[in-house]
Amino acid sequence: MESLPKTQQPHKRYWRFSKQDFFPEPSFHNLGSYKNALSQTPNRLKNRLFARSSDSSELIELKKESENEMKLCLTWWDLIWLGFGSVVGSGIFSITGQETRNDAGPAIVLSYAISGLSALLSVFCYTEFSVDIPVAGGSFSFLRIELGDFVAFIAAANILLEAMVGAAGLGRSWSSYFASIIKNNPDFLRIKIDSFVEGFNLLDPIAVVVLALANGVAMTGTKMTSTLNWMSSIVSVGVIVFIIIVGFVNGKTSNLVPFFPFGAGGVFKAAAVVYWSYTGFDMVANMAEETKRPSRDIPLGLLGSMSMITVVYCLMALALTMMVKYTQVDVNAAYSVAFEGIGMYWAKYLVGICALKGMTTSMLVGSLGQSRYTTQIARAHMIPPWFALVHPKTGTPIYATLLTTITSCILALFTSLDVLSSVFSFSTLSIFMLMAVALLVRRYYVTDVTLKHDLGKFLLCLFIVFGSSIGATVLWSTNVKGWIGYAVTGVLWLLGTSGMALLPKQRIPKVWGVPLVPWVPSLSIGMNIFLIGSLGKAAFYRFFICSVVMLIYYVLVGVHATYDIAHPDKQKSVIDEGKGSSDQVL
């Protein structure tokens, strides 16, 4: 009798913890088989380095690893508010004052517009992939299909780490805001341990509790979490509209003069910083597998939310700079102090509550997105497939959620905000850049279809786009004066993109596609490289150190697990050879 697929085997208990559930691959059958697998590492690395997945594998085959289906319960309405809830946190309240005062002045509104445009370009790329391949893995699955296993793993591992660090940072920020409302001391609710190292000596049980509650809600069901998110987000929109109206009514256009006190350089420098107020939408792309009508709901949800957020941020920044002269904007509590200046002392509590709500929904949506990301990585056997199991009743990946919850709670309990922020940033922009590259590869290269000379021309054009973008970024970062260097890099970028536009496209989108390809993804590559160049050295060091650690894991575990899954015909021989090796040892 033909065996049923995994998704039709409800008799298996969900709560199980055997070795077979964690390491079912033949390479880990016993010590002998693992030693045999290690001896084949160079060949396996060569095989997996550029091995590409396929749409059908990500959409159909890998889902079987979860044994139960996630529930189709989200609409465009849910996705719009999930986007809003994940992106609009405390950043707009904390970063705007700092960048207005120190870098951009009233032109901070342009900084938000530039960053919003950059984020929107990335959203376009995510949207096309999510409509074509509506799976839980988001960028991991998309990069695995177009750029291969290795690039997808390094990128996914870095962004998963940043997501957990970001969640821990949100938990600590929530605690700080809450403590400041009760008593004007952000560390009021923390426990100091003098024997611990500085930066890890302020224990934060409140952050742990908040993270655990948010993740607990996310585990109970996607639809309920989404409903809680959009209800609270609508209340938050009401508060934001109030802030904007009061700002315009009590504002003075004279406060906008001079509009560019720090010049164009200040505008772009601020844009690189306020960009972090836009991050989080990639977590929403991970919800594609639970969307009822991906072809309609995902474009409306992702593009709709990001467009709305960009307008809201620009209006809030404009309202602040009209209320207060940029030289008098408070760096730490810009909006609260601005309201005090017009006699509305109670408004600081309104701002605090709005920020707390923003951080809470960011944690909720982040928990949903992180666990779906982890689920798809586990489905591909890059981490134990046990984490891919979906609960039959809730339709949520509880094990994956527990993994991200426990990790972020441990980080939040011990690690201060300044330490967390120093490890946060590089990977998100790298992923956005790689997503634009993956989109170009998807449009211009199809295995065994694209002619070799067309592939060569495409790679040359892509190299020119990268080279010119890096060149312009280096010029800007080293404060090179004059326009000649920028003109040369700009012309090269135009030539590279124009050359790509003249090449024949090998694939057209099935339902919804990014407009103006290759111009939109090429511009996204340039803008993300520029923003990466604005980061400090610490972000680069962190990225490379973490990537080395992840590479070690990949060589010792990931490459063998994925090789076994990709070559099921060789699995029996690996087990047999392993048994032989074990017998010789004995």
Side-chain angles (χ1 to χ4, degrees), residues 52-63 72 74-76 79-80 83 117-148 151-152 281-282 284-307 376 431-451 454-455 457-459 461-462 465 497-525 527-528:
R52 301 165 77 197
S53 184
S54 64
D55 294 14
S56 60
S57 176
E58 299 293 319
L59 283 167
I60 300 169
E61 295 303 318
L62 292 190
K63 281 186 182 180
L72 295 173
L74 301 177
T75 65
W76 63 269
L79 294 180
I80 281 179
L117 173 62
S118 179
L120 195 59
L121 293 174
S122 296
V123 168
F124 271 114
C125 298
Y126 270 89
T127 301
E128 178 172 326
F129 274 110
S130 298
V131 169
D132 273 2
I133 315 161
V135 292
S139 57
F140 168 73
S141 292
F142 310 149
L143 294 177
R144 191 163 179 254
I145 289 169
E146 299 302 337
L147 302 183
V151 172
F281 66 82
D282 50 319
V284 182
N286 295 343
M287 307 306 297
E289 190 171 316
E290 293 156 274
T291 303
K292 290 181 178 179
R293 293 178 59 185
S295 60
R296 182 199 66 177
D297 296 338
I298 291 174
L300 285 173
L302 280 175
L303 295 172
S305 62
M306 188 51 64
S307 300
Q376 195 72 2
I431 292 286
F432 293 167
M433 179 192 68
L434 287 172
M435 282 293 295
V437 173
L439 180 68
L440 290 172
V441 171
R442 187 170 181 81
R443 291 290 190 94
Y444 288 98
Y445 174 66
V446 176
T447 306
D448 299 327
V449 174
T450 306
L451 299 175
D454 283 338
L455 175 60
K457 291 176 183 176
F458 168 72
L459 292 175
C461 291
L462 190 60
V465 168
T497 308
S498 299
M500 210 179 296
L502 296 174
L503 293 173
K505 293 186 177 70
Q506 304 296 333
R507 184 189 277 122
I508 59 172
K510 298 171 185 175
V511 181
W512 189 94
V514 175
L516 301 175
V517 173
W519 297 98
V520 168
S522 183
L523 184 58
S524 180
I525 290 170
M527 293 189 78
N528 282 301

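Below, each value reflects all heavy atoms present in this structure, side chains not excepted, and no hydrogens, waters or symmetry copies. In this text the structure is predicted, and so the values were computed from the model without any measurement.
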Grab the two heavy atoms, one from S141 and one from E58, that are nearest each other, plus how far apart they are. OG-OE1, 2.8 Å
Quick one: does any side-chain atom of S57 pair with a main-chain N or O of S53 as donor and acceptor, under 3.5 Å? no
If you round to the nearest 0.5 Å, how far is CZ of F124 from OG1 of T127? 7.5 Å
Does D55 have any salt bridge (Lys or Arg N to Asp or Glu O under 4.0 Å) partners at least two apart in sequence or in another chain, and if so, which? R442, K510
Rounded distance [0.5 Å steps], CZ in F140 versus CD1 in I431: 10.5 Å
Would you check if V131 and P294 make a side-chain contact, meaning some heavy-atom pair closer than 4.5 Å? no
The single option from V514, L120, L440, L439 passing side chain to side chain contact (heavy atoms under 4.5 Å, CB included) against V520: V514
Tell me, yes or no, whether the heavy-atom count around I508 atom CD1, taken from other residues, nucleotides or ligands under 6.0 Å, exceeds 12. no
Using a 3.5 Å distance criterion without hydrogens, assess whether the side chain of R52 forms a donor-acceptor pair with backbone atoms of E146. yes
Can you find a heavy atom in the side chain of F432 that is under 4.5 Å from one in the side chain of C125? no
Using a 3.5 Å distance criterion without hydrogens, assess whether the side chain of Y444 forms a donor-acceptor pair with backbone atoms of L455. no
Would you please test S139 and Y126 for side chain to side chain contact (heavy atoms under 4.5 Å, CB included) and show each step? CA-CA 8 Å; S139 57; Y126 270 89; 3.6 Å; yes
Run W512 and D132 through side chain to side chain contact (heavy atoms under 4.5 Å, CB included) and show every step you take. CA-CA 8 Å; W512 189 94; D132 273 2; over 6 Å; no
Please check if the side chain of S305 supplies one atom and the backbone of L302 the other of a donor-acceptor pair under 3.5 Å. yes
Give every residue pair that meets the side-chain hydrogen bond (donor to acceptor under 3.5 Å, both in side chains) criterion with at least one member in residues 284-293, sequence neighbours excluded. T222-E290, E289-R379, E290-R372
Going by ring pair (Phe, Tyr, Trp, His ring centres under 6.0 Å), name the residues that satisfy it together with Y445, two or more places apart in sequence or in a different chain. none
Taking the side chain as C-beta and beyond, is there a heavy-atom pair between I145 and I133 under 4.5 Å? yes
